[in-house]
Novice: 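The structure that follows is given in the form of structure tokens.
Values in this document were obtained by computation on a predicted structure and should not be read as measured data.
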There are 2 protein chains.
Amino acid sequence: MISLQHIKSPKPEDLPSELEGLRMTKQRREVLAIILGERDHPTANDVYVRAQNRMPTISLATVYNCLEALVSHHIVRQVNFERESSRYCPNLEDHCHFQDEESGIIHDVIFKKGVKLEDFLELPQGTEINHLEISLKGRIGSE
Amino acid sequence: MISLQHIKSPKPEDLPSELEGLRMTKQRREVLAIILGERDHPTANDVYVRAQNRMPTISLATVYNCLEALVSHHIVRQVNFERESSRYCPNLEDHCHFQDEESGIIHDVIFKKGVKLEDFLELPQGTEINHLEISLKGRIGSE
DNA sequence: ATCGGAATTAGAATAATTCCAATTTCTACT
DNA sequence: AGTAGAAATTGGAATTATTCTAATTCCGAT
């Protein structure tokens, strides 16, 4: 994938017919376009509701299927906060998430340049990390 | 709470009648003793099953109630991995969790001494973090 | 002892997600 | 272009973890 990262709001029909080895069906393109469009970390249900505008017959099961396909092909990321419903994020850069408890809005938070996991965690040596999720909650200072 | 941290397997009846302002009922003591005993990050259902040995009439709802009481009084911590069921951890030190994908076992991982969040995250200034959860998954090197 | 609030209980309800079986749509091959 | 087989979609049912509810029980303070 060259730079979907920086394509803000592609029309679904402008998305390629295959991405990362995943065949892009009409529904998958619609779902991906929604996630690339409003980057507000929507839930599956949010995506479903938005998708219905252009595609009134899409089903929620399909939205879940599409999301799982996109996630497992590393085209979008799944984001979890405690036991809330999963959210989806098109930013594939290494980053984590901060949820403002006031507004509920989720912000991407990037790592300081050059920081590696081993720099701040006492990892048992030989550990191979396949997945990392950092979730923060709090408030944004109001001064 | 002085040092429940280091009390390995207290008998429920040895736990105090109040902790952190929370009245410790028979059931809450049982649940807490289980979590302090086997520190294997049990789920609510695990706790329920274990509790039934000594207390056959305890209900799952009560286990959930007790866990929520203990968590909200900062006596135990709730641990989440993606959308798996929550697990519970008596270690209140600042730490995060690593799940070995092979065995499913969860290990506590501590931070390098003196490391602060701002050292590795580009936090928008003025952010006040109330909650932080870091979950890692991977494998433990086998050499 | 007893009153009142808090805790416990069993079971129903909910929410998010997954499963299922029946269609529909693609893709590849003739 | 026509068609078989595979893959994707669909609606609805099922599942799972958790929360809610209403009735009972418990416990500490009067």
Novice: Quick one: does any side-chain atom of A/Arg77 pair with a main-chain N or O of A/Pro90 as donor and acceptor, under 3.5 Å?
Specialist: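 No, because the side chain of A/Arg77 does not come within donor-acceptor range (under 3.5 Å) of the backbone of A/Pro90.
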Novice: Take the protein atom CG of B/Leu67 and the nucleotide atom P of C/dT8, then report the distance between them rounded to whole Å.
Specialist: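 In whole Å, C/dT8 P lies 11 Å from B/Leu67 CG.
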Novice: Output yes when a side-chain donor or acceptor of A/Arg29 lies under 3.5 Å from a complementary backbone atom of A/Met24, and no otherwise.
Specialist: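 Yes: the side chain of A/Arg29 pairs with the backbone of A/Met24.
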Novice: List the protein contact pattern of nucleotides 14-28 of chain C with one symbol per nucleotide (5' to 3'): B for base contact, S for sugar-phosphate-only contact, - for none; contact means a heavy-atom distance under 4.0 Å.
Specialist: --SBBB------SS-
Novice: Find the distance A/Arg28:CZ to D/dT10:C1' and express it as a whole number of Å.
Specialist: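 One finds 14 Å between C1' of D/dT10 and CZ of A/Arg28, rounded.
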Novice: Write down the distance between CG (B/Leu22) and P (D/dC27), rounded to a whole number of angstrom.
Specialist: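 Answer to the nearest Å: 15 Å.
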Novice: Charged N to carboxylate O below 4.0 Å: is that the case for A/Glu102 and A/Arg139?
Specialist: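 Salt bridge: yes.
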Novice: May I ask you to decide if B/Asn80's main-chain N or O and B/Ser135's side chain share a donor-acceptor pair within less than 3.5 Å?
Specialist: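 Pair found, side chain donor or acceptor close to backbone of B/Asn80.
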Novice: B/Ser59 has a side chain; which of C/dT9, D/dT9, D/dT10 sits nearest to it?
Specialist: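 Comparing C/dT9, D/dT9, D/dT10 against the side chain of B/Ser59, the answer is C/dT9.
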Novice: Tell me: CZ of B/Phe81 to P of D/dA17, nearest whole Å?
Specialist: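 Result: 17 Å.
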Novice: Indicate whether OP1 or OP2 belonging to D/dT9 is found under 4.0 Å from a side-chain N or O atom of A/Thr25.
Specialist: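 Affirmative; the distance criterion is met.
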Novice: Please report, rounded to the nearest Å, how far the P atom of D/dC27 is from the CD atom of B/Gln27.
Specialist: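 In whole Å, D/dC27 P and B/Gln27 CD are 8 Å from each other.
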Novice: May I ask you to decide if the ring planes of B/His41 and B/His97 are parallel, tilted or perpendicular, using 30° and 60° as cut-offs?
Specialist: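 It falls in the perpendicular class, over 60°.
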Novice: Report the distance from atom CE of A/Met55 to atom C1' of D/dA8, rounded to the nearest whole Å.
Specialist: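 After rounding, the gap between these two atoms is 12 Å.
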Novice: Taking B/Glu68's backbone N and O only, do any of them form a donor-acceptor pair with B/Ser72's side chain (distance below 3.5 Å, no angle check)?
Specialist: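 Yes, B/Ser72 side chain to B/Glu68 backbone: donor-acceptor pair under 3.5 Å.
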